[in-house]
Amino acid sequence: MSGAAERAPERLVVGEVEERWTEAWAQAGIGAADPSRPGPAYTIAIPPPNVTGVLHMGHALNNTIQDLLIRTRRMAGDETMWICGTDHAGIATQAVVEKDLAKAGVRRADLGRQEFLNRVWDWREEYGGRIIGQLRRLGCTLDYGRERFTMDDGYAAAVMRVFVDLHAKGYIYRDHYMVNWDPGLGSAISDLEVEDREVTDEMVSIAYPLSDGSGEIVVATVRPETMLGDTAVAVNPGDERYAHLIGRTCTLPLVGREIPVVGDEHVQPEFGTGALKVTPAHSPDDFEIARRHGLPAVGVIGEDGRMTAEAGDRYAGLTPDECSARVVDDLSAQGLVRERREYSHTVPFSHRSGARVEPLISLQWFCDMTALAAPAIEAVRQGTVRFTPSKWGEVYLRWMEEIRPWCVSRQLWWGHQLPVWYRGDEIHVGLEAPEGEGWTRDEDVLDTWFSSALWPFATLGWPEQTPELERFYPTAVLSTARDIIFLWVARMVMMGIEYMGEVPFRDVYIHSVVQAPDGRRMSKSLGTGVDPVELIEANGADAVRFGLLMMSSTQDVRFSQDRIDQGRQLVTKLWNATRLVADRDGRVGHDAPPAPATVADRWIFSRIARTVAEADELREGFQLSALADGVYHLVFDDFCDWYLELLKAGEASAEVAGHALEQLLALAHPLIPFITEECWARMPGAEGLMASHPPPAAPGPVDEAAEAEIDAVREVVTGLRTYRHKRNLPPRAALVMDPPPAPAVAALDPVEPAPPHRGGRRSSRRQAEGA
RNA sequence: GGGCGGUUAGCUCAGCGGUUAGAGCACCUGCCUUACACGCAGGGGGCCGGCAGUUCAAAUCUGCCACCGCCCACCA
């Protein structure tokens with residue numbers, strides 16, 4: 001209270017503070033949504049982290065952003081719902097458990113499907129969802145009581161229903177089609193799970209003798225082993241060198257198969273030899289050519305990534321690389337290799353396993369996306385869904401306009417097993433197995449993203465018409481990283497429109513990717529990762545939140561410890577300012593803003609009003625680093641450096657100081673919830689939690705006159721300080737010859753020529769050169 | 001092959017048509033001033049990647065160039 005002299009040093013123990021308030025918020029049900037409460041609703045669905053996941057920098061930033069938004073609206077009185085949950089993450093989770101089992105020398109095949117799945121569920125029970133606890137440490141006020149999982153019963157029911165429905169509508173179908181086969185994973189993967197890498201291969205030119213012995217046609221390839229599966233040679237019909245050969249046949253070396261020469265516009269005469277070997281089973285290009293010409297496909301590489309029996313006894317069982325070498329040797333022995341040279345090109349690799357993707361024909365389930373995409377395109381075109389930054393909307397549209405069928409089946413065990421049953425040639429798609437004996441269920445599971453696509457409504461209970469669904473759909477904002485715009489965001493828009501008749505969110509905010517300090521990707525394998533949990537332990541959650549917000553931008557940013565330090569300084573500063581104001585008998589909890597007693601009082605109110613208005617605007621535009629910066633400078637420059645000094649000099653009133661601090665805390669709370677809660681609790685007159693405090697009501701309109709006056713004071717005082725500093729005079733030495741600095745405010749009233757007003761932010765410290 | 005973005009103080013980044021270009025950190029100087037030395041005060045430092053153009057006015061708009069990065073794409 002009083003007695004500054006004997007006040008015990010109050011240490012701020014951040015970890016203890018965080019623990020205490022995390023608990024208090026939970027007790028008060030701060031994150032718990034109440035669908036029955038009237039008023040506006042505000043919903044955010046968290047991008048569900050993987051069950052296997054631990055908090056990384058992307059999560060830390062993204063969830064800080066979401067918590068900032070949700071706390072702001074909660075304080076404003078909206079009924080807020082921040083949907084909490086995790087994703088089963090099929091491939092990632094299965095891989096983790098398999099790796100775990102491998103330590104004990106167990107493979108998943110040893111266990112069998114059901115037992116393996118039991119192990120995964122056990123694993124999930126024991127280790128899954130750690131990340132949820134880490135989100136609490138970050139201060140996130142999710143609705144933890146309604147935590148969902150993409151494989152819990154209700155959610156799984158929604159997934160099954162959607163699959164069956166899309167099949168009934170004719171969008172989902174089964175087909176033999178060229179897929180990206182991941183030999184490392186033993187599964188098909190979608191186009192989006194493939195990444196291209198630059199690879200140097202050897203391009204080999206091979207002579208295929210014409211069947212009538214009249215010569216040969218030379219083809220070029222970087223995959224000689226696939227020639228075993230060739231079923232044609234294609235040339236451009238306009239290519240004079242070869243046009244006359246169209247319709248004739250040649251003999252496939254090593255195999256002896258007679259294959260036709262076909263004409264196809266796709267073939268580029270300038271490339272290679274101008275003649276293309278056609279391997280429909282192992283090249284997407286060739287697959288299309290074969291479809292156009294009705295050519296058969298011969299699969300010579302199997303799903304195990306090895307040569308099949310179709311490749312012939314001499315090659316079956318080899319890896320493609322081994323086979324390639326042997327084929328080239330054999331062709332050389334027959335004198336059919338015309339040229340060998342290095343060739344650099346891009347080759348698909350699996351994002352999941354890192355294996356080189358093997359394009360092959362496989363029987364899979366696909367979803368045609370064109371009909372689903374149409375309204376989702378319109379939604380973004382018309383601005384029903386808005387991307388920030390807007391360029392991502394363009395990116396979304398470009399992809400959506402050329403959307404291709406989605407391969408939704410995966411040859412995994414962990415996931416939503418397809419609701420498909422077979423008996424002989426019969427196929428049944430439905431929620432239940434059909435009547436009768438002999439039906440077996442499809443072994444495959446759905447792509448993880450199929451279930452993720454339903455997240456904004458399946459989490460709220462769909463297909464049941466729950467109060468939550470009624471009240472909290474659609475959500476307001478989706479905040480995420482750009483790498484899942486296609487994988488997830490686009491699909492949610494499509495599914496939301498299809499099943500809810502309404503877009504799942506109005507705003508999509510694409511936040512920065514935080515890179516390692518040296519500009520490389522943050523990754524565990526590179527050793528470039530920075531662990532946010534360690535950061536929280538070392539700096540406090542508020543500092544980490546603030547620092548990340550300061551770093552965030554419209555582009556990728558490098559991690560900067562300096563920004564975290566800045567956050568820590570802000571936390572400390574607020575704490576000390578609170579102590580000062582409390583010691584000066586400043587009180588909070590006024591029914592109405594206290595009347596300003598001095599120009600300094602009017603000024604701080606004006607500065608707060610200005611910053612609050614700016615903050616609202618910046619938040620609307622997701623300019624979060626500018627928002628954080630504004631709060632920082634309001635606290636440091638205006639409130640602490642000037643206003644509190646004026647208060648100490650008797651130029652401001654304690655009542656106003658208390659109220660101003662309250663506004664400051666309310667403004668800063670969504671960014672740095674822990675310290676603001678702690679400061680609030682310290683203030684005389686405080687009731688309730690800052691987390692449920694009304695937002696910073698601007699304590700009055702901007703007061704231009706007061707701002708001009710204080711600006712003038714600041715200039716004079718700064719000028720005096722500079723003068724003294726340059727004269728090497730001690731800062732506190734009274735300047736007998738100078739105007740007295742202390743009563744500056746009083747002396748300057750009225751201010752004569754108002755100095756040029758600088759519209760606001762803060763006053764520069766580098767003026768008054770010649771004072 | 002298309003598309004997008006970046007290049008601003010030693011470092012990490014704001015600013016994106018209008019008075020002398022900003023922040024944090026780092027640096028220099030002076031202060032243990034009774035909220036805070038995790039602090040206070042004062043200060044130095046940038047021809048805003050290059051070239052050309054539009055404009056009364058350009059980091060800010062246009063074009064070209066140079067590096068750097070990302071996304072999309074079925075050229076053997």
Side-chain angles (χ1 to χ4, degrees), chain A residues 4-5 7 9-10 12 178 191-192 195-196 201 203-205 219-223 226 234 266-268 270-279 283-289 343 345-346 348 359 389 391-392 394-395 398-399 402 482-483 485-486 512-513 515 517 519-521 539 543 547 550-584 623 625-626 629 632-633 640-641 644-645 647-648 717-718 721-726 728-732 756 758-759 761-762 764-769:
Chain A
R7 187 187 52 248
E10 293 178 87
L12 185 64
M178 179 64 56
D191 296 332
L192 293 171
E195 73 178 62
D196 286 334
D201 278 326
M203 185 182 280
V204 184
S205 298
V219 298
T221 181
V222 292
R223 304 278 316 264
T226 64
H266 171 79
V267 181
Q268 313 238 328
E270 340 49 85
F271 192 92
T273 62
L276 170 67
K277 59 187 275 311
V278 180
T279 320
S283 157
D285 269 349
D286 298 5
F287 182 78
E288 294 299 332
I289 293 173
Y343 178 65
H345 63 148
T346 58
K391 67 180 173 187
W392 298 114
E394 312 295 321
V395 171
R398 265 196 294 280
W399 184 74
E402 290 182 38
R482 64 172 192 285
D483 55 337
I485 291 174
F486 307 144
S512 301
V513 172
Q515 301 168 330
R520 290 189 293 171
R521 267 184 101 80
N539 304 280
M550 285 298 288
M551 282 175 233
S552 79
S553 170
T554 55
Q555 61 174 73
D556 290 356
V557 290
R558 299 184 183 195
F559 177 78
S560 159
Q561 176 65 39
D562 288 343
R563 294 303 190 188
I564 308 282
D565 290 341
Q566 199 181 344
R568 217 176 44 194
Q569 286 169 350
L570 177 62
V571 165
T572 308
K573 197 71 173 173
L574 260 183
W575 172 245
N576 286 312
T578 299
R579 289 170 50 213
L580 173 68
V581 175
D583 281 353
R584 300 275 164 160
Q623 302 199 58
S625 62
D629 190 60
Y632 178 89
H633 286 289
C640 292
D641 289 353
L644 291 185
E645 292 305 321
L647 175 69
K648 289 196 285 190
V717 172
T718 303
R721 285 170 178 164
T722 306
Y723 175 81
R724 271 191 293 229
H725 195 261
K726 291 198 167 160
N728 264 324
L729 297 169
R732 278 183 301 160
R758 280 180 308 283
R761 287 293 163 75
R762 68 194 70 82
S764 160
R765 289 178 180 171
R766 50 189 299 266
Q767 63 254 15
E769 289 292 323

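Sequence lines set the chain letters: A, B, ... in the order given, protein chains first and strands last, and positions in each chain run from 1. Note: hydrogens, waters and symmetry copies are ignored here, and every other heavy atom, side chains too, is used.
- Between A:R521 atom CZ and B:rC71 atom C1' the separation is 12 Å, expressed in whole Å.
- Annotated as anti: B:rA23, whose O4'-C1'-N torsion sits more than 90° from 0.
- Applying the 4.0 Å criterion to OP1 and OP2 of B:rC25, one finds that A:Q569 has a side-chain N or O inside that range.
- Contact annotation: A:R563 side-chain N/O to B:rU12 OP1/OP2 distance is not under 4.0 Å.
- A:H266 comes within 4.0 angstrom of a base, heavy atoms only.
- The structure places CG of A:D583 at 10.5 Å from OG1 of A:T578, a figure rounded to the nearest 0.5 Å.
- Look at A:Y343 and you'll find a side-chain N or O under 4.0 angstrom from OP1 or OP2 of B:rA76.
- Distance NZ/A:K573 to CG/A:L570: 10.0 Å, rounded to 0.5 Å.
- Among B:rC75, B:rA14, B:rA35, the nucleotide with an atom closest to any side-chain atom of A:N576 is B:rA35.
- Using a cut-off of 4.0 Å between Lys/Arg side-chain N and Asp/Glu carboxylate O, A:E394 and A:K391 are scored as not salt-bridged.
- Residue A:D641 contributes atom CG, which lies 15 Å from atom C1' of B:rA37 at whole-angstrom precision.
- When the C1' atom is compared between B:rA9 and B:rG43, the two are found 15 Å apart, to the nearest whole Å.
- The backbone N or O of A:S553 lies less than 3.5 Å from no partner atom in the side chain of A:S625, so there is not a single donor-acceptor pair.
- For the C1' atoms, the distance from B:rC51 to B:rC56 is 24 Å, rounded to whole Å.
- Here A:T221 lies in heavy-atom contact (under 4.0 Å) with sugar-phosphate atoms only.
- Distance CZ (A:F287) to C1' (B:rC74): 12 Å, rounded to an integer number of Å.
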**Message:** Pairs counted only when both distances fall under 3.5 Å, Watson-Crick or G-U: show me the 5' to 3' dot-bracket for RNA chain B, [ ] for pseudoknotted crossings and | for other-strand partners.
**Reply:** ((((((((.[[[[.)..(...]]]].(((((.......))))).....[[[[[..)....]]]]])))))))....

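- The distance between atom CG of A:L644 and atom C1' of B:rU33, rounded to the nearest whole Å, is 15 Å.
- Within the structure, salt bridge (charged side-chain N to carboxylate O under 4.0 Å, His left out) pairs that include any residue of residues 555-564 of chain A comprise A:R482-A:D556 (at least two apart or interchain).
- Atom CD1 in A:I289 sits about 9 Å away from atom C1' in B:rA76, given to the nearest Å.
- Note that NE2 of A:H266 is 9.5 Å distant from CD of A:E288, once rounded to the nearest 0.5 Å.
- Taking every heavy atom of both residues into account, A:V557 and A:M551 meet most closely at CG1-O, 3.1 Å.
- Among the protein residues, A:K648 comes within range of the nucleic acid bases, having at least one heavy atom under 4.0 Å from a base atom.
- Contacts of A:H345 classified as ring pair (Phe, Tyr, Trp, His ring centres under 6.0 Å), with partners at least two apart in sequence or in another chain: A:Y343.
- Considering CZ of A:R223 and CG of A:D201, their distance stands at 8.5 Å, rounded to 0.5 Å.
- Side-chain N/O atoms of A:K573 include none lying less than 4.0 angstrom from OP1 or OP2 on B:rG39.
- For A:E645, whose side chain is taken as the heavy atoms from C-beta onward, the closest listed nucleotide among B:rC36, B:rC13, B:rA76 is B:rC36.
- Only the C1' atoms considered, B:rC25 is 14 Å distant from B:rA14, to the nearest whole Å.
- Using a 4.0 Å heavy-atom distance criterion, A:R223 is classed as making no nucleic acid contact.
- Distances from the side chain of A:A577 to the nucleotides B:rC70, B:rA35, B:rC38 place B:rA35 closest.
- Legend: residues meeting side-chain hydrogen bond (donor to acceptor under 3.5 Å, both in side chains) with A:D196, ordered by chain and number and at least two apart, are absent.
- Side-chain proximity of A:T346 to the nucleotides B:rC36, B:rA73, B:rC13 is greatest for B:rA73.
- Other residues, nucleotides and ligands contribute over 12 non-hydrogen atoms within 6.0 Å of the CD atom of A:E270.
- B:rU62 sits 15 Å from B:rG18 when the P atoms are compared, rounded to a whole Å.
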Please list, pair by pair, any protein nitrogen or oxygen found under 3.5 Å from a nitrogen or oxygen in nucleotides 2-9 of chain B.
residue: B:rG3; atom: O2'; partner: A:R398; partner atom: NH2; Å: 3.0

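- A:R558 has a side-chain polar atom (N or O) that falls below the 4.0 Å cut-off from OP1 or OP2 of B:rU12.
- With sequence neighbours excluded, the residues that form a ring pair (Phe, Tyr, Trp, His ring centres under 6.0 Å) with A:W399 are A:F486.
- Annotation: of the two residues near RNA chain B, A:V222 and A:M551, the 5′-most nearest-nucleotide partner is A:M551.
- One C1' atom belongs to B:rU20, the other to B:rC61, and the distance between them is 24 Å to the nearest Å.
- Summary of the strand contacts: A:Q566 and A:P284 both lie near RNA chain B, and taking for each the nucleotide with the nearest heavy atom, the more 5' one is attributed to A:Q566.
- Straight-line distance from the CE atom of A:M178 to the C1' atom of B:rC74: 10 Å, rounded to whole Å.
- Contacts of A:Q515 with the nucleic acid, taken as non-hydrogen atoms under 4.0 Å apart, are absent.
- Nucleotides B:rG3 and B:rC64 are separated by 11 Å at their P atoms, to the nearest Å.
- In this entry the distance linking CZ of A:F559 with P of B:rC13 reads 12 Å, nearest Å.
- At the phosphate of B:rA23, neither OP1 nor OP2 sits under 4.0 Å from any side-chain N or O atom of A:H633.
- Counting to the nearest Å, the P atom of B:rC74 and the CG atom of A:L276 are 16 Å from each other.
- In this structure, the nucleotide among B:rU12, B:rC36, B:rC75 sitting nearest to the side chain of A:D285 is B:rC75.
- Residue A:D196 is in base contact, counting any heavy-atom pair closer than 4.0 Å across all strands shown.
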